[in-house]
Amino acid sequence: RATLGSNGPLAGVRVVVTAGPTREPLDPLRFLSNRSSGKMGYALVAAAIDAGASVTLITGPTALTPHSEASVIGVESAAEMADAVQTAVQDADVLIMTAAVADYRPASVAEHKIKKSSDDLTLNLTRTTDILASIDRPGLLKVGFAAETTSLLDYARDKLRAKHLDLIVANDARTSMGSDEGWAYLLEPGKEAEEVGPTSKAELAEVIIDRVASLLRSRRT
Ligand code: CTP
Ligand code: CA
């Protein structure tokens, strides 16, 4: 699709997108992470910029190159991402959280390399902050993603409600994580789920950005 820029549906809109996995350190060499590639988030950054938005990308480690016009903040842990999001949303209109944020981190980080000894090693993990649930800036449009392997729509609807979201994009983590394919359900409060795809993540991103634009329009009227 053409770059619409200042004529686009998101002209003048400030969007924060999070993408990729987080890394939760265990010791100076090791971390816990997940299979997120960041592709969905980076596709959303490009679609939002093409629609005229100014975009801040807060990204965990990925192998991707972000759109050249995005302001990029690189983070590693869930705690770092939480801090960066808190700051970035202060002057944003939209928050889109595609990042696969770790739900647990090691309860303590060893100062030195953990040496192997016994046959078993038990890790103590502790909950991270739920970034999306903790952000409640009035007027901020919040978009979440739900990655599930079962009961997709039920879990997604629960998250939509619990985190006070305007839109949630629900997909099957087994096929979506790492792939170029986009296939998801879009859920809004009080509406029927709408299936998008199978298509590319680039096209799914355009559909999501169009939906964000129409949600912003319907707020203004
Ligand atoms: N999320 C977040 N902070 C976390 C965990 C998740 O902001 N610590 C966001 C994700 O970026 C996503 C949404 O919440 O937009 C849903 O993430 P998901 O992992 O699907 O759901 P959880 O609420 O973490 O529940 P669970 O993993 O138990 O299904
Ligand atoms: Ca989670």
Side-chain angles (χ1 to χ4, degrees), residues 15-25 31-45 47-48 55-62 73-90 92 94-107 125-137 140-179 182-189 193 196 201 204-205 208-209 211-212 215:
V15 179
V16 175
V17 178
T18 69
T22 64
R23 288 178 176 176
E24 308 305 323
F31 54 80
L32 301 178
S33 193
N34 60 65
R35 295 185 191 281
S36 171
S37 66
K39 285 175 184 168
M40 190 68 238
Y42 283 57
L44 279 161
V45 167
V55 177
T56 300
L57 167 65
I58 298 170
T59 181
T62 74
I73 302 170
V75 298
E76 291 218 347
S77 65
E80 286 169 19
M81 185 170 281
D83 285 348
V85 172
Q86 282 287 358
T87 304
V89 296
Q90 293 314 312
V94 180
L95 170 63
I96 307 177
M97 289 276 319
T98 70
V101 185
D103 294 322
Y104 293 91
R105 62 176 168 81
L125 305 180
T126 184
R127 283 276 296 272
T128 58
T129 305
D130 189 318
I131 302 170
L132 196 49
S134 70
I135 301 264
D136 68 342
R137 205 174 75 71
L140 181 73
L141 191 108
K142 293 205 296 180
V143 180
F145 275 67
E148 310 290 351
T149 59
T150 181
S151 306
L152 176 61
L153 292 179
D154 288 341
Y155 284 134
R157 182 118 9 236
D158 289 346
K159 291 172 188 177
L160 180 71
R161 200 176 303 117
K163 306 190 194 211
H164 304 288
L165 307 180
D166 298 281
L167 173 66
I168 194 159
V169 181
N171 56 45
D172 188 319
R174 291 166 300 184
T175 53
S176 66
M177 266 198 162
S179 118
W183 190 355
Y185 290 89
L186 269 50
L187 283 87
E188 289 175 34
V196 181
K201 280 187 175 167
L204 175 58
I208 294 165
I209 290 302
R211 181 63 57 89
V212 166
L215 285 168

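Everything quoted here is computed from the prediction, not taken from an experiment. Counting starts at 1 for both ligands and their atoms, following the listed order. If you read the sequence from its start, that first residue is 1, and numbering goes on from there.
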Which protein N or O atoms sit under 3.5 Å from any N or O of ligand 1? Give each pair with its distance.
residue: ligand 1; atom: 3 (N); partner: I131; partner atom: N; Å: 3.0
residue: ligand 1; atom: 7 (O); partner: I131; partner atom: N; Å: 3.4
residue: ligand 1; atom: 7 (O); partner: L132; partner atom: N; Å: 2.8
residue: ligand 1; atom: 8 (N); partner: T129; partner atom: O; Å: 2.8
residue: ligand 1; atom: 11 (O); partner: A99; partner atom: O; Å: 2.8
residue: ligand 1; atom: 14 (O); partner: K163; partner atom: NZ; Å: 2.9
residue: ligand 1; atom: 15 (O); partner: M97; partner atom: O; Å: 2.8
residue: ligand 1; atom: 15 (O); partner: F145; partner atom: N; Å: 2.9
residue: ligand 1; atom: 15 (O); partner: F145; partner atom: O; Å: 3.3
residue: ligand 1; atom: 20 (O); partner: A147; partner atom: N; Å: 3.3
residue: ligand 1; atom: 20 (O); partner: K159; partner atom: NZ; Å: 2.8
residue: ligand 1; atom: 21 (O); partner: K159; partner atom: NZ; Å: 2.9
residue: ligand 1; atom: 23 (O); partner: K163; partner atom: NZ; Å: 2.6
residue: ligand 1; atom: 24 (O); partner: D103; partner atom: OD1; Å: 3.1
residue: ligand 1; atom: 27 (O); partner: D103; partner atom: OD2; Å: 3.1
residue: ligand 1; atom: 29 (O); partner: K159; partner atom: NZ; Å: 2.9

Whether the side chain of R23 engages the backbone of S33 through a donor-acceptor N/O pair (distance < 3.5 Å, no angle test) should be reported.
no
Backbone of G20 reached by a side-chain donor or acceptor of T62 within 3.5 Å = no
* Is there a donor-acceptor pair under 3.5 Å between the side chain of R35 and the backbone N or O of A173? -> no
Total protein N/O/S atoms sitting under 3.0 Å from the Ca ion (ligand 2), waters ignored, is 2
Review point. Between the side chain of E24 and the main-chain N/O of A78, is any donor-acceptor distance below 3.5 Å?
Key: yes
Taking W183's backbone N and O only, do any of them form a donor-acceptor pair with N171's side chain (distance below 3.5 Å, no angle check)? no
- Determine whether M81 and T18 make a side-chain contact, defined as any pair of heavy atoms from C-beta on separated by less than 4.5 Å. yes
Using atom types as modelled and distance alone, determine if a side-chain donor or acceptor of K163 lies under 3.5 Å from a backbone N or O of G144.
no
From the list L141, V85, D166, side chain to side chain contact (heavy atoms under 4.5 Å, CB included) partner of L95 resolves to V85
Do K142 side-chain atoms and M97 backbone N/O form a donor-acceptor pair below 3.5 Å?
no
